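Report on the structure given below.
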Amino acid sequence: MLVLGIESSCDETGVALYDSDQGLLGHALHSQIAMHAEYGGVVPELASRDHLRRILPLTRRVLEAAQLQLADVDAIAYTEGPGLAGALLVGTGIAHALGVALSIPVLGVHHLEGHLLSPLLSSDPPDFPFVALLVSGGHTQLMEVQTVGRYRTLGDTLDDAAGEAFDKTAQLLGLAYPGGAALSRLAESGDPLRFRLPRPMLHSGDLNFSFSGLKTAVLNLAQKYPEISDRADIAAAFQLAMTDVLSAKSVAALKIADCKRLVVAGGVGANRQLRSALALSVQTMDAQVYFPELAFCTDNGAMIAYAGAMRLRYGGHEAGPFTVRPRWDLETMASPDCADQQTESADLRASKSSNA
Ligand code: KG4
Ligand code: ZN
């Protein structure tokens with residue numbers, strides 16, 4: 001089954017083709033970052049208009065590169081939520097219009113489910129079950145993933161998401177939106193031990209996070225040390241505080257879930273220091289950490305096409321009416337009937353890697 005995936009939840013337009021036998025056949029992305037940068041954040045109306053301009057040309061490009069045609073597509077998966085309502089509506093509208101024109105099923109996908117399953121697109125995918133650390137611009141969650149559709153929230157952020165904290169801190173340090181990656185680059189030339197920032201909720205006894213206090217601590221530090229030459233040290237101290245908390249809670253989550261596999265998903269998963277800190281922490285408990293390829297860490301169409309293909313295969317979230325869900329709790333999704341799913345998933349990954 002060939003699934004066309006469309007991602008339009010925020011500021012990246014992603015389109016991909018995933019074939020349930022042959023794996024990922026192609027994907028393309030257009031980032032709106034340059035367009036939003038001058039406003040210091042995403043402007044929802046501009047985002048919607050840009051998705052409208054990009055989705056069909058990107059679809060054409062992906063089809064041409066894979067030497068396929070629209071008529072070859074068996075189903076369309078699109079991001080139904082959570083995200084910006086107007087941006088979601090554009091992807092939803094195009095997906096449904098194509099579905100009607102081609103008389104094929106159209107399926108709304110949960111954006112976070114896409115992120116959670118994105119490591120399965122890599123050449124060395126994890127087996128189920130695993131614990132997922134989901135760290136994106138809008139979410140910071142620790143989830144126990146039993147199999148496709150069986151998710152349990154272990155921990156959540158009480159305020160800012162990890163990516164949001166990176167972006168706000170970057171802004172405080174004068175870096176352009178969406179500063180996460182830029183802050184990380186700046187931190188590389190800094191001394192992480194010159195300043196000591198708080199590690200919020202490190203010893204809270206649960207798996208929840210809170211990052212707004214850390215942002216305030218950075219603000220105070222930046223006011224006390226306003227020189228440009230101090231910025232790299234502040235960035236490095238912030239990054240170290242973030243990675244300390246994220247890795248400590250991830251290790252605790254593995255212990256609570258009695259699991260030896262940690263999967264990292266979402267844009268902040270691209271952070272190099274977080275990656276090495278997590279790799280080091282899980283080593284101490286003889287566990288393994290899996291990262292999606294960098295291109296699949298941030299928003300992309302491939303994870304939506306893949307999650308759609310899984311849902312179409314195993315059920316649990318049927319093709320539905322034209323709707324978007326700007327706010328949508330992942331745990332509220334129906335679980336598919338998972339009989340034999342684990343074995344089938346392994347077969348599917350094996351056939352995918354043999355075709356890669
Ligand atoms: O998953 P994503 O692409 O979009 C959402 O669903 O939110 O995540 C975007 C977030 C942004 O906050 C961005 O600054 C952050 O991921 N990010 C990073 C890095 N690359 C992207 N944060 C820290 N270090 C990075 N290298
Ligand atoms: Zn995302």
Side-chain angles (χ1 to χ4, degrees), residues 5-14 16 27 29-34 36-37 40-42 44 47 51 78-84 87-88 91 109-119 132-141 143 157 160-173 175-188 190 192 211 214-215 218 235-236 238-243 245-247 263-278 291-304 306-307 326-328 330:
I6 300 175
E7 155 63 27
S8 74
S9 66
C10 189
D11 57 355
E12 258 131 9
T13 317
H27 64 104
L29 188 84
H30 175 79
S31 167
Q32 303 178 353
I33 284 177
H36 296 297
V42 177
H51 287 307
Y78 65 94
T79 306
E80 183 177 329
L84 300 170
L88 291 167
V109 166
H110 196 296
H111 180 81
L112 298 185
E113 181 168 47
H115 275 305
L116 277 189
L117 301 180
S118 62
L133 171 68
L134 189 59
V135 270
S136 72
H139 296 86
T140 302
Q141 285 176 330
M143 307 281 299
T157 179
D160 291 352
E164 199 179 353
F166 264 97
D167 293 345
K168 287 179 177 171
T169 302
Q171 198 177 19
L172 285 176
L173 297 177
L175 301 170
Y177 177 85
L183 185 142
S184 160
R185 280 192 298 275
L186 179 63
E188 273 170 28
F211 296 121
L214 181 55
K215 182 191 61 195
V218 172
F238 166 81
Q239 188 171 250
L240 185 60
M242 288 291 289
T243 48
V245 175
L246 291 170
S247 13
V263 156
V264 185
V268 182
N271 186 279
R272 271 204 257 157
Q273 191 183 337
L274 177 64
R275 286 179 172 230
S276 44
L278 287 172
F291 302 102
E293 285 165 30
L294 280 180
F296 304 139
C297 257
T298 45
D299 290 349
N300 65 86
M303 67 184 194
I304 301 304
Y306 181 75
R327 296 175 72 86
W328 188 8
L330 186 56

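Both ligands and their constituent atoms are indexed starting at 1 by order of listing. Source: prediction; values computed, not measured.
At a threshold of 2.8 Å, the Zn ion (ligand 2) has a backbone or side-chain N, O or S atom of His115 nearer than that distance. Not one N, O or S atom of His139 sits under 2.8 Å from the Zn ion (ligand 2).
Between Leu112 and Gln141 the shortest side-chain heavy-atom distance falls below 4.5 Å. A 4.5 Å side-chain heavy-atom check between Glu12 and Ile33 finds at least one atom pair inside the cut-off. Taking the side chain as every heavy atom from C-beta outward, Phe211 and Glu164 never approach each other to under 4.5 Å.
Interface atoms of ligand 1 facing Gly267, defined by a heavy-atom separation under 4.0 Å, are 1 (O), 2 (P), 8 (O), 16 (O), 17 (N), 18 (C), 19 (C), 20 (N), 21 (C). Counting the atoms of ligand 1 from 1 in the order shown, those under 4.0 Å from a heavy atom of Gly138 are 7 (O). Atoms of ligand 1 found under 4.0 Å from any heavy atom of Thr298 (numbered from 1 in listed order, with element): 3 (O). Here is the list of ligand 1 atoms found below 4.0 Å of a heavy atom in Gly163: 12 (O).
Of all the heavy atoms of His115, the ones lying under 4.0 Å from any atom of ligand 1 belong exclusively to the side chain. Counting heavy atoms closer than 4.0 Å to ligand 1, residue Arg272 contributes nothing at all.
Nearest protein neighbour of atom 11 (C) of ligand 1, counting heavy atoms only, is Asp167 OD2, 3.5 Å. The protein atom (non-hydrogen) at minimum distance from atom 2 (P) of ligand 1 is Asp299 OD1, 3.5 Å. Taking atom 24 (N) of ligand 1 as the reference point, the nearest protein heavy-atom neighbour is Asn271 ND2, 3.0 Å.
Counted by atom type alone, His51 and Thr13 present one or more donor-acceptor pairs between their side chains at under 3.5 Å.
Sorting the N, O or S atoms of Asp299 by how far they are from the Zn ion (ligand 2) puts OD1 first.
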*Stepwise, does the ring pair (Phe, Tyr, Trp, His ring centres under 6.0 Å) test hold for Phe166 with Phe238?*
CA-CA 9 Å; Phe166 264 97; Phe238 166 81; 5.1 Å; yes
*Under the side chain to side chain contact (heavy atoms under 4.5 Å, CB included) criterion, do Leu116 and Leu330 qualify, and how do the steps go?*
CA-CA 10 Å; Leu116 277 189; Leu330 186 56; 3.4 Å; yes
*Go through Asp299 and His111 one step at a time and tell me if the side chain to side chain contact (heavy atoms under 4.5 Å, CB included) criterion holds.*
CA-CA 9 Å; Asp299 290 349; His111 180 81; 3.0 Å; yes
_Apply side chain to side chain contact (heavy atoms under 4.5 Å, CB included) to residues Val42 and Tyr177 and explain how you reach the verdict._
CA-CA 9 Å; Val42 177; Tyr177 177 85; 3.1 Å; yes
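Taking the six-membered ring where tryptophan is involved, the planes of Trp328 and His110 are tilted, since the angle between them lies from 30° to 60°.
Residue His111 places a heavy atom under 4.0 Å from ligand 1.
Enclosure of atom CD in Gln171 is not indicated, since only 12 or fewer non-hydrogen atoms of other residues, nucleotides or ligands lie within 6.0 angstrom.
Polar contact check, Pro178 against ligand 1: a nitrogen or oxygen pair lies under 3.5 Å apart.
Closest heavy-atom approach to atom 9 (C) of ligand 1 within the set Cys10, Gly180, Gly137, Pro82: this belongs to Gly137.
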